[in-house]
Amino acid sequence: MGWIGLAARLVVGGVWIVAGLLKLPDLQSSVRAVRAYQLLPEAIVPAVGYALPIVEVAVGILLVVGLLVRASAVVSAVLFLAFITGISSAWARGLQIDCGCFGGGGYDANATDKYPGEIARDLGLLFASLWLVWRPRSRWALDNRLVYDRTPEHTMTGDPTR
């Protein structure tokens with residue numbers, strides 16, 4: 001099970017890092033992407049648009065190195081739920097917008113064709129995040145060095161990932 005957790009951490013964390021880093025150079029684009037969904041009050045749109053890439057990179061780094069895995073996975077799952085809800089809402093309301101997941105955002109004439117794939121991708125990443133909430137211990141995680149379970153079964157096997 002430790003290998004499944006490692007794979008989930010690396011995939012989900014890697015996606016967050018890439019998504020956040022692609023948005024950081026153009027934070028105005030991130031704000032435009034948040035605004036395009038027409039879901040949040042305008043007063044908080046800029047704060048969400050500016051903060052989101054930073055949160056994504058931070059969650060991604062924590063997952064990749066395996067630090068605070070359960071907490072990071074909870075944040076990850078909440079974000080994926082929000083993104084799935086946002087994309088589904090845009091689709092249901094007939095909005096033609098780029099998801100802004102990896103930068104960009106705003107009008108996209110082919111958006112409706114992309115929504116099912118974007119939702120499927122985010123569902124897969126949501127399930128991987130939920131796996132990490134359920135089983136946060138995995139191989140090569142920094143948490144293993146900081147919080148070692150010294151129950152008899154782990155002490156006997158020397159395996160901190162169970």
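Quick caveat, the model's predicted, so the values are computed rather than measured.
Closest heavy-atom contact between Tyr37 and Leu95: O-CD1, 3.9 Å. Between Ile97 and Ala90, the shortest heavy-atom contact is CD1-CB, 4.0 Å. Closest approach of Pro53 to Leu24, counting heavy atoms only: CB-CD2, 3.8 Å. Between Val12 and Ala128, the shortest heavy-atom contact is CG2-CB, 3.5 Å.
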- Message: Test side-chain contact (heavy atoms from CB on, under 4.5 Å) on Ile119 and Trp91; report intermediate values, then the result.
- Response: CA-CA 10 Å; Ile119 291 169; Trp91 193 9; 3.8 Å; yes
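Side-chain atoms of Arg137 do not come within 3.5 Å of backbone N or O of Asp143 as any donor-acceptor pair. With hydrogens and angles disregarded, no donor-acceptor distance shorter than 3.5 Å links the side chain of Arg9 to the backbone of Leu132.
Annotation: side chain to side chain donor-acceptor pair (under 3.5 Å) contacts of Glu118 (sequence neighbours excluded): none. For Ala33, there are no side-chain contact (heavy atoms from CB on, under 4.5 Å) partners two or more places apart in sequence or in a different chain. With sequence neighbours left out, the salt bridge (charged side-chain N to carboxylate O under 4.0 Å, His left out) criterion links Arg121 to no other residue. With sequence neighbours excluded, no residue forms a side chain to side chain donor-acceptor pair (under 3.5 Å) with Asp98. Not counting sequence neighbours, Arg32 has no partner by the side chain to side chain donor-acceptor pair (under 3.5 Å) test.
Under the 4.5 Å side-chain criterion, counting only non-hydrogen atoms from C-beta, Leu79 is in contact with Leu52.
Here disulfide (SG to SG under 2.5 Å) pairs that include residues 13-93, with residues two or more places apart or in two chains, number zero. Within the structure, disulfide (SG to SG under 2.5 Å) pairs that include any residue of residues 24-79 do not occur (at least two apart or interchain). A side chain to side chain donor-acceptor pair (under 3.5 Å) check over residues 45-64, counting only residues at least two apart or in different chains, returns the pairs Lys23-Glu56, Gln28-Tyr50. Judged as a disulfide (SG to SG under 2.5 Å), the pairs with a partner in residues 74-107 (not counting sequence neighbours) are, in order, Cys99-Cys101. Every pair tested for side chain to side chain donor-acceptor pair (under 3.5 Å) that includes a residue from residues 60-69 fails, sequence neighbours excluded, so the list is empty. For residues 59-79, the set of pairs meeting the side chain to side chain donor-acceptor pair (under 3.5 Å) definition, not counting sequence neighbours, comprises Trp16-Ser76, Ser76-Ser129.
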Do any side-chain atoms of residues 57-69 form donor-acceptor pairs under 3.5 angstrom with protein atoms, and if so which ones, sequence neighbours left out?
none

